[in-house]
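What follows is one structure encoded as structure tokens, with my remarks underneath.
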Amino acid sequence: MRLRNNNHHQKYPYPRRRVIRRVSQQLAYAALAALTDLRIIGRENLPHSGPLIVVANHFSFIDPVAMIRAVPWPIEFVGGFQMPNAPTVVKWLPKVWGYYPVHRGTFSTDALRAAEAVLEQQGILGIFPEAGNWATVLRPARPGAAFLAVRTGAPILPMGFANLNEVFPSLRRGKRASVTIRIGKPFGPFHANGRGHKRRPKLEAIGHEIMERIARLIPPEKRGHYSKDPAIRAAAQGTEVYPWDKNPEAV
């Protein structure tokens, strides 16, 4: 792990908001127990400590709640600044927990520094590599997770979430959705030489490996671009278009 300016550790301490997050974590346990039929598979793959980058597919607005439920440690998130299509009941959750916002379509320097500082302090960082939940099949990763893995040397822990986007529709039908969280084995660390365009192919390759690891942990019909079935890959075409490339989130 590369050492940075200690001022960053003071500005971005890990862990933080301990009382609020302890209470919120207990609420996440209770909510998922009450509202879903939850299975967590692969707990034996959880490492004893950080630094660690936790990654997962992102099909639902409540994916961060599932990640909080699945891990035993304090977890810090980086995530999109806006939640344009999220229901009001969900929008308050990130504000209560606290996270480092990324302005999609821009280079969010502050969020990058925060993420590095968390990992330098042996922390646990949660990130959804697809950078948005506009589809319900797996898409290629944006460069953020791979970039952080290379910059910090932190290993990566993959997770797969299944059926979280059915939680609220099922409740409206008077039923609990069957939800599964699968935890894979940690992998990495990664290294990449060069800068800018010279390093981009390596980062893209790491991003694909991240998504392939996640794909193994979700149902075959949800693997999208990472499916071995040509028909599923063909049906996923278009979901990889990143909505903020031409219209970045306002800073």
Side-chain angles (χ1 to χ4, degrees), residues 52-61 63-64 66-67 75-86 94 99-116 118-119 125-161 165 184 187-192 194-218 222-227 233 236-251:
L52 190 68
I53 301 172
V54 185
V55 298
N57 57 298
H58 197 15
F59 301 161
S60 168
F61 290 109
D63 292 335
M67 193 175 284
I75 186 167
E76 194 68 70
F77 289 99
V78 293
F81 178 71
Q82 297 177 8
M83 300 174 67
N85 301 313
Y99 74 111
Y100 294 112
V102 173
H103 296 272
R104 297 183 182 97
T106 70
F107 189 80
S108 297
T109 303
D110 190 67
L112 171 63
R113 289 174 177 167
E116 289 184 347
V118 166
L119 295 168
L125 183 73
I127 187 169
F128 296 95
E130 295 159 288
N133 64 333
W134 63 87
T136 57
V137 295
L138 209 60
R139 293 147 282 147
R142 299 296 292 176
F147 183 78
L148 282 170
V150 167
R151 287 270 293 185
T152 65
I156 299 172
L157 179 73
M159 291 186 181
F161 301 153
N165 54 328
F187 63 102
F190 290 100
H191 306 281
R195 292 180 177 273
H197 293 289
K198 293 182 178 180
R199 187 164 58 171
R200 184 174 297 175
K202 178 61 175 177
L203 293 179
E204 290 178 352
I206 295 169
H208 287 311
E209 180 170 349
I210 290 171
M211 301 315 294
E212 286 168 357
R213 298 271 186 155
I214 294 172
R216 300 173 194 172
L217 304 172
I218 63 176
K222 294 293 186 179
R223 293 175 184 172
H225 289 264
Y226 295 90
S227 174
R233 291 199 307 272
Q237 293 304 309
T239 61
E240 77 281 4
V241 176
Y242 191 58
W244 294 276
D245 271 338
K246 294 184 179 180
N247 187 27
E249 288 185 338
V251 177

Apply the test side chain to side chain contact (heavy atoms under 4.5 Å, CB included) to residues Ile75 and Met67: give CA-CA distance (whole Å), side-chain angles for both, the deciding distance (0.1 Å), then the verdict.
CA-CA 9 Å; Ile75 186 167; Met67 193 175 284; 3.7 Å; yes

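- Side chain of Thr239 to main chain of Ala236: a donor-acceptor pair is present (N/O by atom type, distance under 3.5 Å, no hydrogens or angles).
- Of all heavy-atom pairs between Phe59 and Ala135, the closest is CD2-O, 3.6 Å.
- Contact between Ala146 and Ile206 at its shortest, heavy atoms only, is CB-CG2, 3.7 Å.
- Between Leu138 and Lys222 the shortest side-chain heavy-atom distance does not fall below 4.5 Å.
- Residues Arg213 and Glu209 are paired through a salt bridge, judged by an N-O separation under 4.0 Å between the basic side chain and the carboxylate.
- Counting only distance, with no hydrogens or angles, the side chain of Asn165 and the backbone of Ser60 share no donor-acceptor pair below 3.5 Å.
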Can Arg233 and His225 be said to form a side chain to side chain contact (heavy atoms under 4.5 Å, CB included), step by step?
CA-CA 5 Å; Arg233 291 199 307 272; His225 289 264; 5.8 Å; no

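- When all heavy atoms of Pro101 and Ala111 are compared, the closest pair comes out as O-CB, 3.4 Å.
- Side chains of Phe147 and Leu112 form a contact here, defined as non-hydrogen atoms less than 4.5 Å apart.
- Using a 4.5 Å cut-off on side-chain heavy atoms (C-beta onward), Asn133 and Phe61 make contact.
- Counting heavy atoms from C-beta on, the side chains of Pro64 and Phe128 come closer than 4.5 Å.
- Within the model, atoms OH of Tyr100 and CZ of Phe77 stand 13.0 Å from one another, a figure rounded to the nearest 0.5 Å.
- Between Leu217 atom CG and Arg223 atom CZ the span is 8.5 Å, to the nearest 0.5 Å.
- Counting all heavy atoms, side chain and backbone alike, Pro140 lies closest to Met211 at C-CG, 4.3 Å.
- Here the closest heavy-atom approach between residue Tyr226 and residue Ala141 is recorded as OH-N, 4.2 Å.
- Considering only heavy atoms from C-beta on, Leu157 stays 4.5 Å or farther from Ile53 through its side chain.
- Rounding to the nearest 0.5 angstrom, the gap separating the CD1 atom in Ile218 from the CE atom in Met159 is 14.5 Å.
- Judged as a side chain to side chain donor-acceptor pair (under 3.5 Å), and not counting sequence neighbours, Glu204 has no contacts.
- Using a 4.5 Å heavy-atom threshold, the side chains of Phe190 and Pro155 count as separate.
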Trp134 and Arg139: CA distance, side-chain angles, deciding distance, side chain to side chain contact (heavy atoms under 4.5 Å, CB included) verdict
CA-CA 10 Å; Trp134 63 87; Arg139 293 147 282 147; 3.3 Å; yes

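- Rounded to the nearest 0.5 angstrom, Leu148 CG and Leu125 CG are separated by 6.5 Å.
- Taking the side chain as every heavy atom from C-beta outward, Ile210 and Ile156 approach each other to under 4.5 Å.
- By the 4.5 Å heavy-atom criterion applied to side chains, Leu52 and Leu119 are not counted as neighbours.
- Side chain of Glu130 to main chain of His58: a donor-acceptor pair is present (N/O by atom type, distance under 3.5 Å, no hydrogens or angles).
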